[in-house]
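All residue numbers in this chain count up from 1 along the given sequence.
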Amino acid sequence: MKKKLIVMTLSAVILGNMAACQAKNKKEETKTSQTEQVATDNKETGQQMPTLSKKEIVALMPEVAKKAKKIMVDNGEKIHPSFNMKDKQILIVSNIAKTAYLVNSQDEKFGKKDEAVEYSTDTIIDKQIMTGAFGETEFNGKKTYFYNIDNQMGLIQSQEKEEQSNEIVRTVLHEGIHMYLQPVIEKGEKVASLESAGTEAKRALSYPIPIEDRINRAQQAYFYREALKAKSEEEKISLIKKGNFYYKKFTDSNPDNAKKEVFDRIEGQPTYSEARGLATVTGKNTDDKTLNDETIKNILKDYRVSDEMLQMGMEDMEYYSVGSLAYGNIQVLNQMKEVQETNQNPVQHLYEKYGVEENKGNEELTKGIKTQFEEQNEQLKQQIDGVDKKVKDAEYTKIKVNLPEKIDGFELHTNSVNYKFQEKEGTIETISQELKLGENRLKLTQSELIKTTENGKEVYYLMVPKKDVEIKGDKVSIQSKDIQVFDQNFKKNGEMLELN
């Protein structure tokens, strides 16, 4: 049941997960674990992710383009006073459909601003557009925000068409907030993303998982959500104070937790913006009251704040749920202008304004999270022990892969687990990715590996059974269920084979 819930969630929260797969020279990389869970689910069930047909995608794209323009170009300032996309082109791309739509053209010889101009992807020569998840490039001689919708197709295929376009456009907006709003409102024009948030807080899991932290964050989200539902201001404030009690417990319990609180703003802001952006296209009109009411409805409908998701205690999801709920309460209490002007963390604002109210929390929520993470801690221990065994086992060939400067295509991976390898801090990852190594390619399919950083560059270490490794002179071939590369140059460094 839990796996099903994860996949259901993904249709609403694909967000910027694909960004982590792209080249390090891309400024905005927003990495989370929700999409990563798809790989785990498919691996364990042995199922292929269903997807929309080319015809269905072609039919969907004009609506996505239309909504992207209405939300981001026409109504950007209603989302945030500093969010202005009027001078930015938006290009919605699908390699599956071989179609792209240009929104808000900045050169009339290629199309009017009010039109969505259709292109065949066969006419697009920019590799960044064709292989990247999203980013900024130059198109028709103008700066352009591009977004590739293909990775979402398997996650929305069971929804109605209206909801499909909403789910895509909310992700287009989410990444647009990261790229075009947050750098403007950050001090010193600093890009705000999960990787460049000015904090050393790790996003990988550590063994054992701190269960109390997950309980505290789930309780915080729970009370913030109930505050949004409450009718009277007095009741709202009381529930916010109860949520703040668990926020204080969370930040007081570990210095690293205090570093992580910045993510509540960094991910909460675009998540709240999703709800507000959709309100501009789903509301009956655009007056302030309707817009505010629809925004709150959208926040409460978001699966990331549901009972099922809170019960799962997913750390990466907390930044989205807690942050967006905090912004929602600030809106309802008519304090948004103050928070937007100072770009204050919404949770910190609620905590400083209202303080705490001690309480026992939702006991069922606490019980469920304890049970779940006691099981997960045992699974983490088994995973770490398994990697330890491979590292020490002479029957495994150790392969080092220096990641290229630019990586084409997507990376899909499961939750990272902190792991020390050769005295270096690293993580255990399970990754699906294709890497270009010179004229050759290395294909990883749900491959468990160790990732570290050396001299500022990412490195993969693969532990491969010797029976799957064939060496002929200065060439090595690997053919296993999760790793394929043929006739690749390498150099030997002790027991390690380094691909180059």
Between the side chain of S238 and the main-chain N/O of E235, is any donor-acceptor distance below 3.5 Å?
no

Counting only heavy atoms not in F373, do more than 12 sit closer than 6.0 Å to its CZ atom?
yes

Using modelled atom types and a 3.5 Å cut-off, is there a donor and acceptor pairing between side-chain atoms of N75 and backbone atoms of K70?
yes

Can the ring centroids of Y145 and Y180 be said to lie less than 6.0 angstrom from one another?
yes

With the threshold set at 4.0 Å, does a side-chain nitrogen-carboxylate oxygen contact exist between E318 and R214?
yes

Within the distance-only criterion (no hydrogens, no angle test), does the side chain of R225 pair as donor or acceptor with the backbone N or O of V305 below 3.5 angstrom?
yes

Is a donor on one side and an acceptor on the other found under 3.5 Å between the side chain of D252 and the backbone of F250?
no

Hey, does the side chain of Q269 reach the backbone of G323 with a donor-acceptor pair shorter than 3.5 angstrom?
no

Do side-chain atoms of K236 reach the backbone of A227 as a donor and acceptor pair under 3.5 angstrom?
yes

Would you confirm whether N345, through its side chain, and E261, through its main-chain N or O, come within 3.5 Å as a donor-acceptor pair?
yes

Check K142 with D107, please: is the shortest side-chain N to carboxylate O separation under 4.0 Å?
no

Near E233 CD, under 6.0 Å, is it more than 12 heavy atoms from other residues, nucleotides or ligands?
no

Only one of Y224, Y272, Y320 clears ring pair (Phe, Tyr, Trp, His ring centres under 6.0 Å) with Y327; which?
Y272

Would you indicate whether K229, at its atom NZ, is surrounded by more than 12 heavy atoms from other residues, nucleotides or ligands within a distance under 6.0 Å?
yes

Flag the pair Y247 / F223 as yes when their ring centroid distance falls below 6.0 Å, and as no otherwise.
no

